[in-house]
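Letters A, B, ... are given to chains in the order of the sequence lines, protein chains preceding strands, and every chain is numbered from 1. Both backbone and side-chain heavy atoms feed into the values below; hydrogens, waters and symmetry mates do not.
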There are 2 protein chains.
Amino acid sequence: MSKVNLKKLASELSVSISTVSKALKDSHEIGQETKHKVLSKARELGYKPNPYATYMRNLKSKTIAIVIPEMTNNFFLQVINGAESIAREKDYHLLVYITHEDAQKEIDIINHLQNGRVDGILMSLSSTTTDFTHLHECINNKIPIIFFDRICHEIETVKIITDDFASGFAATEHLIQNGCRNIAYLSISKNLSIDNKRMQGYLEALDKHNMKPENRKIVKCSHDPKSNYREIKKLLSGPVKVDGIFASIEELALATYSVCKDLAIKIPQKLKVICFSNLITADFLNPPLTTITQPANEMGIAAASQLFKYLDKKGGEMSNENIIIKSALTVRGSAGA
Amino acid sequence: MSKVNLKKLASELSVSISTVSKALKDSHEIGQETKHKVLSKARELGYKPNPYATYMRNLKSKTIAIVIPEMTNNFFLQVINGAESIAREKDYHLLVYITHEDAQKEIDIINHLQNGRVDGILMSLSSTTTDFTHLHECINNKIPIIFFDRICHEIETVKIITDDFASGFAATEHLIQNGCRNIAYLSISKNLSIDNKRMQGYLEALDKHNMKPENRKIVKCSHDPKSNYREIKKLLSGPVKVDGIFASIEELALATYSVCKDLAIKIPQKLKVICFSNLITADFLNPPLTTITQPANEMGIAAASQLFKYLDKKGGEMSNENIIIKSALTVRGSAGA
DNA sequence: TATATTTACGAAAACGTAGTAGTAAAAAAA
DNA sequence: TTTTTTTACTACTACGTTTTCGTAAATATA
């Protein structure tokens, strides 16, 4: 079962390699009869062109990468799903890399993608990334990056985001309209664009309703579940009065649920909770979780589509635009009726 | 910013391509001084070897693929996470493909991987796959496949599974011990090894406790949420008495929750529910969902590790063994205390 | 001093594909 | 009939890397 390549086909058919290659490409230079012979022999032996050799000729890898910070979050799962479907449609291949929120891993991964392995990258930043040299280098090497969700403002490229500010505003206002007067914001990382925007929405909503923001009500969380639990517990059992929580990501809402369970705080009676989330189980939680649902699948599709749009018109410049796909507020039980 | 390759380095340094290549590989054939010059120039220009050209020389793609049926399930998410971590460790790259439970897509994907693109494949079967020609062909082409979870018995290779039979038995017995006398099994697909094993465990537990299996209590579900909802609703509102449900996968347990919500059937008072699941929110559901939790991350790690074990001793034969990683029954509320 | 060995490099081939250029033979046009 | 065009093929090269082989010069050995 030795590998069947053009040379093998050629020798089997007693023609030249060029003839086989051209016949398979349906070139006009090859006669009908020969084409048929080549095609049927290729089928018979199960010839599949070697992708790496093909790359060597036309320097197109037909491969893109998606770099995400973690896999515990439903959002990224759905983005991958969307991106994969577009890649498949375009007959491209999708490499997946997880940075685990580690800036060094992100740098290593990006560096590994510098020499032709991929034609482009879809990416959401790690929360610990503060230096963007590796990304600039990537752009210098003419490898396009499309950001989604956690974008890098410094890089001029297409960015797929949701309306974080407006949604943060809406989420906070929803809590206010349901009676909350002391709303805490659970932040995930200062470094992240999404966190800043969501918090700005939160602050703007407070301001509109004449509520003063308090630093004590802005809890800096991380990706360590235990420390998040501690911080939220400290908030909810401490001196600061809190009757509403706006969690920037779903992990923090679940941590809140966990704390409330342990402290016997009733949601939504004593505490109303709302968060950005793509949990499929939001409806079945106790109580059902009111969420800002990001169009994750659509964002994956948009990111991949934008990348292919650029790759297809291969001469052009990458435009520097934000593509905004709106999130939806889904009222369930956790923030009151 | 033209691509920096060996040729470019060589001309910059006025040495031959061979010298540069060997210097970068720290060959003894190259003098210390030259090595230093080459290395520093390589760093200066940011040389990264082209992976496809490297492939052309040693015919190792340093890439593996993971082929999964869907992305809506937390199990596969965690498997990818585990597999990616091992791949990263080995400096390999991971391609992700989703069959969307479509046999034809599975065939297309496997065919696309036939000529060298990957060194090996991790795979979980689509539920609609009944013919395994494409997989046999893969093995014939010397591309190793490691199956996990949804395995293919026909192919002689390493398979990573959980103790589906024992867990199915334990799940059913747990329901029985909590008072259920009329237990239904929600099946996902006749084609799947896991479904059969889990159902056998279910039947064995019924038998042990002198309960007769009834076809009416075995509900054939699919991957269509709406039809699943209908089928489960039919079961729970029909003439067949049912006081316990064992769902083979988490989607079916959630569908059951949905039906119970709409029919106002109290879980666990009127109906006890248990299922195979990797939901991170199981604890927060209403009621908390008692689950058989598969060691998904470990299975991903095991699958990738086994593949690399084979790839590393590249001469050998692939062994035909089942590696079983046990699942754990986590008692929460949905199946009674 | 003459010969053997080691050191440090370069030339070239190969991996599989795809395209350019070249060329006999056949067909069409003059 | 001669010339031009078309048809249908082959030879060869390049993509970037790695490695084998070859070889001068330097060094060690006899």
Side-chain angles (χ1 to χ4, degrees), chain A residues 2-39 41-42 45-63 91 112-119 141-142, chain B residues 2-39 41-42 45-63 91 112-119 141-142:
Chain A
S2 74
K3 291 273 152 57
V4 38
N5 50 26
L6 291 183
K7 196 201 282 184
K8 175 130 182 186
L9 282 179
S11 79
E12 290 264 334
L13 292 161
S14 306
V15 294
S16 75
I17 292 176
S18 316
T19 301
V20 177
S21 173
K22 288 173 182 169
L24 291 172
K25 290 253 168 315
D26 200 26
S27 161
H28 65 275
E29 289 182 46
I30 305 299
Q32 283 306 320
E33 200 186 344
T34 312
K35 276 184 190 173
H36 282 134
K37 268 194 283 188
V38 171
L39 246 68
K41 181 59 86 178
L45 299 188
Y47 169 76
K48 305 272 162 48
N50 182 298
Y52 300 111
T54 304
Y55 168 88
M56 290 300 284
R57 275 294 306 182
N58 34 24
L59 303 180
K60 288 270 163 282
S61 70
K62 300 274 265 176
T63 304
D91 208 20
H112 255 85
L113 298 177
Q114 288 316 299
N115 219 322
R117 186 176 292 272
V118 297
D119 296 344
N141 286 341
K142 305 281 180 219
Chain B
S2 75
K3 290 272 153 55
V4 38
N5 50 26
L6 291 183
K7 197 200 283 186
K8 175 129 180 186
L9 282 179
S11 80
E12 291 263 334
L13 292 160
S14 304
V15 293
S16 76
I17 291 176
S18 324
T19 301
V20 176
S21 174
K22 288 172 185 170
L24 291 172
K25 289 254 168 311
D26 200 25
S27 161
H28 64 276
E29 290 182 46
I30 305 298
Q32 283 306 321
E33 201 186 343
T34 312
K35 276 183 189 172
H36 282 133
K37 269 194 284 187
V38 171
L39 245 69
K41 180 62 85 179
L45 299 188
Y47 169 76
K48 304 272 162 47
N50 183 299
Y52 300 110
T54 304
Y55 168 89
M56 289 301 284
R57 275 294 306 183
N58 33 22
L59 303 179
K60 289 270 165 284
S61 70
K62 299 274 267 175
T63 304
D91 208 19
H112 256 85
L113 298 177
Q114 287 317 299
N115 219 321
R117 185 176 292 273
V118 297
D119 296 343
N141 286 342
K142 305 284 180 215

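Every side chain to side chain donor-acceptor pair (under 3.5 Å) that Asp119(A) has, sequence neighbours left out, goes to Ser61(A), Tyr92(A). Lys35(A) is linked by a side chain to side chain donor-acceptor pair (under 3.5 Å) to Asp26(A), counting only residues two or more places apart in sequence or in another chain. Not counting sequence neighbours, the partners of Thr54(A) by the side-chain contact (heavy atoms from CB on, under 4.5 Å) test are Pro49(A), Asn58(A). For Lys25(B), there are no side-chain contact (heavy atoms from CB on, under 4.5 Å) partners two or more places apart in sequence or in a different chain. Residues satisfying the side chain to side chain donor-acceptor pair (under 3.5 Å) criterion with Ser16(A), sequence neighbours excluded, are Thr19(A). Not counting sequence neighbours, Lys62(B) has no partner by the salt bridge (charged side-chain N to carboxylate O under 4.0 Å, His left out) test. Partners of Glu29(B) under the side chain to side chain donor-acceptor pair (under 3.5 Å) rule, at least two apart in sequence or in another chain, are Lys22(B). When the side-chain contact (heavy atoms from CB on, under 4.5 Å) test is applied to Leu24(A), the partners found at least two apart in sequence or on another chain are Leu6(A), Leu9(A), Val20(A), Val38(A), Leu39(A), Ala42(A), Tyr47(A). Qualifying ring pair (Phe, Tyr, Trp, His ring centres under 6.0 Å) partners for Tyr52(A), counting only residues two or more places apart in sequence or in other chains: Tyr52(B), Tyr55(B).
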Dot-bracket encoding of pairs in DNA chain C, which uses [ ] for pseudoknotted crossings and | for another strand, Watson-Crick or G-U under 3.5 angstrom:
||||||||||||||||||||||||||||||

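Expressed to the nearest 0.5 Å, how far CG of Asn141(A) lies from NZ of Lys3(B) amounts to 7.0 Å.
The NE2 atom of His36(A) sits 13 Å away from the P atom of dA8(D) (whole-angstrom rounding). When rounded to the nearest whole Å, the span between NZ of Lys3(B) and C1' of dC15(D) equals 12 Å. As rounded to whole Å, 12 Å separates atom C1' of dG19(C) from atom CG of Leu6(A). Here the P atom of nucleotide dA18(C) and the OH atom of Tyr52(A) are 16 Å apart, to the nearest Å. Straight-line distance from the CZ atom of Arg117(A) to the C1' atom of dT17(D): 14 Å, rounded to whole Å. For the pair Leu9(B) CG and dG16(D) P, the interatomic distance rounds to 12 Å; values are reported in whole Å. Separating the NZ atom of Lys25(B) from the C1' atom of dT17(D) is a distance of 8 Å, rounded to the nearest angstrom. Regarding Asn58(B), its CG atom lies at a distance of 12 Å from the P atom of dG16(C), rounded to whole Å.
Ser21(A) comes within 4.0 angstrom of a base, heavy atoms only.
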Show each protein N/O and nucleotides 6-9 of chain C N/O combination with a separation under 3.5 Å, one pair to a line.
from   : atom 1 : to       : atom 2 : distance (Å)
dC9(C) : OP1    : Thr34(B) : OG1    : 2.7
dC9(C) : OP2    : Gly31(B) : N      : 2.7
dC9(C) : OP2    : Thr34(B) : OG1    : 2.9
dC9(C) : N4     : Glu29(B) : OE1    : 2.5

For nucleotides 12-15 of chain C, tabulate all protein N/O to nucleotide N/O atom pairs closer than 3.5 Å, reporting atom names and distance.
from    : atom 1 : to       : atom 2 : distance (Å)
dA12(C) : N6     : Ser18(B) : OG     : 3.2
dA14(C) : N3     : Arg57(B) : NH1    : 3.4
dC15(C) : O4'    : Met56(B) : O      : 3.4
dC15(C) : O2     : Met56(B) : O      : 2.7
dC15(C) : O2     : Arg57(B) : N      : 3.4

Would Met56(A) and Met56(B) satisfy side-chain contact (heavy atoms from CB on, under 4.5 Å), going step by step from the backbone distance to the final call?
CA-CA 9 Å; Met56(A) 290 300 284; Met56(B) 289 301 284; 3.7 Å; yes

